[in-house]
Amino acid sequence: MNGREPGLADMERRSQTILMLMILVLIVFLIQLWLITIALEDYLAAHHTLALPTFLASGACFLVNLRLLRYLFDVDRKKEDRP
Amino acid sequence: MSGTPKWREDFPIRWEADNYVTRREFTKFLVLVSGATFVGNGYFVLQGRREVEAERIRIEVARVEEVPVGGVKLFRYPSANDPAILIRLAENEWVAYMQRCTHLSCPVHYSAKSGRIECPCHNGAFEARTGRVLEGPPPRPLPRIVLYIAEGRIYAQGVQGS
Ligand code: FES
């Protein structure tokens, strides 16, 4: 299996990194889904107290996701830099 | 070139490379959806603000002599799209609720005989005095409208959440 093709092990490693990033983004996104459910429930109950905190928390989650996306681009760029 | 099998020419992409690209694209898509969820959450902030603004308005709902004991009057509050129901439970006892069932938004009606507010869609029922759920699928009480009575007139001024 080893040494079949140059760069294969590297590709696998990067693939693993991307998988890890994907799982992290997914976890953060699930937190956002939970937050929007709370906001909806609060809105339907004619309360207006949780909309803003959940909005801000969701924004923080989105920023985390953007940061992870940047990291993903970095990983991607490294691949393209390779001759 | 001679060492490359024919199938390799037809399927030049390796599994590893394929996995890499699909995972990368899916992650990008997830971030996009994450942004959309954030914006969606903002909708509730705006809507909440709008409702709080609307609830500052005091509107006249009825005159006291207009509604007999056990009678109701339908009105719209806080906006023209929000049906509401005013109920005269006793001589000096008035309550008002949003008329939308908290289950799936069917209009509820008051039954003087049973003293309950009933929803015909799935047989949900609320207590007329408090708005709490008595039976059926509604998950939460009816939002109550705050009333103000002065000089024989009844005014609505705000919605109280469940
Ligand atoms: S809509 Fe009222 S009980 Fe279902």
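Convention: sequence-line order gives letters A, B, ...; per-chain numbering from 1.
Here CD1 of I38(A) is found 9.5 Å from CG of N41(B). Values are rounded to the nearest 0.5 Å. The CE atom of M20(A) lies 11.0 Å from the OG1 atom of T27(B); values are rounded to the nearest 0.5 Å. Rounding to the nearest 0.5 Å gives a distance of 12.5 Å between OG1 of T37(B) and CD1 of I31(A). Here the OG1 atom belonging to T22(B) is positioned 10.0 Å from the CD1 atom belonging to I18(A), to the nearest 0.5 angstrom. In this structure, CZ in F38(B) is found 10.0 Å from CG in L66(A), a value given to the nearest 0.5 Å. With rounding to the nearest 0.5 angstrom, the CD atom of Q47(B) is 11.5 Å from the CG atom of L40(A).
When all heavy atoms of K28(B) and L72(A) are compared, the closest pair comes out as CE-CD2, 4.2 Å. The minimum heavy-atom distance linking R140(B) with E41(A) is given by the pair NH2-OE2, 2.8 Å.
Heavy atoms closer than 4.5 Å to chain B are found in both the backbone and the side chain of L26(A). If you measure heavy-atom distances from T102(B) to chain A, you find no contacts under 4.5 Å at all. For V33(B), the parts lying near chain A are the backbone and the side chain together; criterion is any non-hydrogen pair under 4.5 Å.
Criterion: ILVMFWY side-chain heavy atoms under 4.5 Å apart, direct or through other members. Under it, Y71(A) and I27(A) are part of a common hydrophobic cluster.
Taking chain A as the reference chain and counting heavy-atom pairs below 4.5 Å, the highest number among S34(B), G40(B), G48(B) is found for S34(B). With respect to chain B, the highest number of heavy-atom pairs below 4.5 Å among L19(A), L33(A), L63(A) belongs to L19(A).
The neighbour count for R58(B) CZ, taken as heavy atoms of other residues, nucleotides or ligands under 6.0 Å away, is above 12.
With hydrogens and angles disregarded, no donor-acceptor distance shorter than 3.5 Å links the side chain of R14(A) to the backbone of Y20(B).
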(Q) Walk me through whether D42(A) and F44(B) qualify under side chain to side chain contact (heavy atoms under 4.5 Å, CB included). (A) CA-CA 9 Å; D42(A) 191 57; F44(B) 295 114; over 6 Å; no
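Using bins of under 30°, 30° to 60° and over 60° for the plane-to-plane angle, the ring pair Y43(B)/Y43(A) lands in the perpendicular bin.
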List the atom pairs, with distances to 0.1 Å, where a side-chain N or O of residues 128-136 of chain B and a protein N or O form a donor-acceptor pair under 3.5 Å, not counting sequence neighbours.
unit_1	atom_1	unit_2	atom_2	d
R129(B)	NE	E93(B)	OE2	2.8
R129(B)	NH2	E93(B)	OE1	3.0
T130(B)	OG1	E127(B)	OE1	2.5
T130(B)	OG1	R132(B)	N	3.3
R132(B)	NE	E127(B)	OE1	3.3
R132(B)	NH2	E127(B)	OE2	3.4
E135(B)	OE1	R116(B)	NH1	3.3

